[in-house]
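For reference, the structure discussed in these notes is given below.
Just so you know, these numbers come straight off a predicted model, no measurement behind them. Ligands are counted one by one from 1 in listed order, and the atoms in each one are counted from 1 as well.
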Amino acid sequence: MQTLQSQVLQVNSVRKSFTKRKTSSRKAERVEVLGGVSFDLKSGTFTSIIGPSGCGKTTLLRIIDGLLPADSGEVFFKGELVTSPPPKMGFVFQGFGLLPWRTVQKNVEFGLELRGVDESERVEIARKYIQVVGLAGFENHYVHEISGGMQQRVGLARALSIDPDVLLMDEPFASVDMQTREILQKQLLQIVKGSVPKTTLFVTHNIDEAIYLSDEIVLLTTRPGMVKEVIKVNLPQDRWNYDPRLNPEYARLRNYCWSFLEKEIMEKGVFGSDLT
Ligand SMILES: Nc1ncnc2c1ncn2[C@@H]1O[C@H](COP(=O)(O)OP(=O)(O)OP(=O)(O)O)[C@@H](O)[C@H]1O
Ligand SMILES: [Mg+2]
């Protein structure tokens, strides 16, 4: 597959259906979740995906990471067809996805263990990324001994430790409080646009979060999820140095995204046949 140098990921016409049993009857039905999704990810960019609940965002990320096969269409990562999880793709899961019986250090080492990195190197790399996310001193704490915001940073350190060429993040800040969320957003930008540059694909329900973080926003429709539009966010890069909400471009983008989501939800509902 030929790629433009700047394109690290290409998603081509990805379709996916699941068989679901209706709660109101014993019949199973085929539910189309993704209806032909296409977009590209340019190297070094931060791209968010927003779309109504249940429109297939998590399913799409799992297909991109090779954890789930598409029914049709394909994903190319650095020009190679994805058929299983690529070693250079990092994933921060919806919820924290940490192992409670492991310490912070051992959780961060987990991805490196899976990739066969030997112990002394693993320890060193994990320490480095624990430092990057501001958790130095907490290496020997267990998951239940640290706050939700700190747990989320462990998830980020684990994903960064494998030095991914693309970082996939599925609603990573959804289960932390508003203040912590804003701090984590700022820290994430400082890392992936500053100290440890990464190409990032980030799923969120939160429009403000998407605008604050992104260079581009992919708007997905209600199920079956399809790309309605890819919006460019023309705000200065160093957003952690000032409040972008004061910029008129921010207000314009916010209105635009809200109108889109409101229209999708009002016209088609959020959950579709989940409620039948
Ligand atoms: N393994 C599965 N088997 C059957 N149905 C599934 C499976 N995985 C997901 N679904 C269904 O596919 C639809 C999309 O799910 P998905 O988790 O991808 O949506 P989402 O956009 O991430 O939702 P949310 O915004 O709530 O996180 C939902 O209706 C879900 O119930
Ligand atoms: Mg999801």
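Between the side chains of Arg30 and Ser17, no donor-acceptor pair of N or O atoms lies under 3.5 Å. A donor-acceptor contact under 3.5 angstrom links the side chains of Asp208 and Tyr250, judged on distance only. Counting only N and O atoms by type, the side chains of Glu264 and Thr222 include a donor and acceptor under 3.5 Å apart.
Ligand 1 does not have Arg62 within reach: every non-hydrogen atom of the residue lies 4.0 Å or more from it.
Under 2.8 Å from the Mg ion (ligand 2) lies an N/O/S atom of Thr58, whether from backbone or side chain.
Interface atoms of ligand 1 facing Arg223, defined by a heavy-atom separation under 4.0 Å, are 28 (C), 29 (O). The atoms of ligand 1 that sit less than 4.0 Å from any heavy atom of Glu171 are 25 (O), 27 (O).
By the 3.5 Å distance cut-off applied to N or O atoms, Ser53 is counted among the residues near ligand 1.
Using a 4.0 Å cut-off between charged nitrogen and carboxylate oxygen, Glu29 and Lys20 do not count as a salt-bridge pair.
Counting heavy atoms of neighbouring residues, nucleotides and ligands inside a 6.0 Å radius, atom NZ of Lys263 does not exceed 12 of them. Glu145 CD: more than 12 foreign heavy atoms inside a 6.0 Å radius.
When heavy-atom distances to ligand 1 are checked against a 4.0 Å cut-off, Thr59 comes that close through both its backbone and its side chain.
Of the candidates Cys55, Gly54, Gly225, it is Gly54 that places a heavy atom closest to atom 23 (O) of ligand 1.
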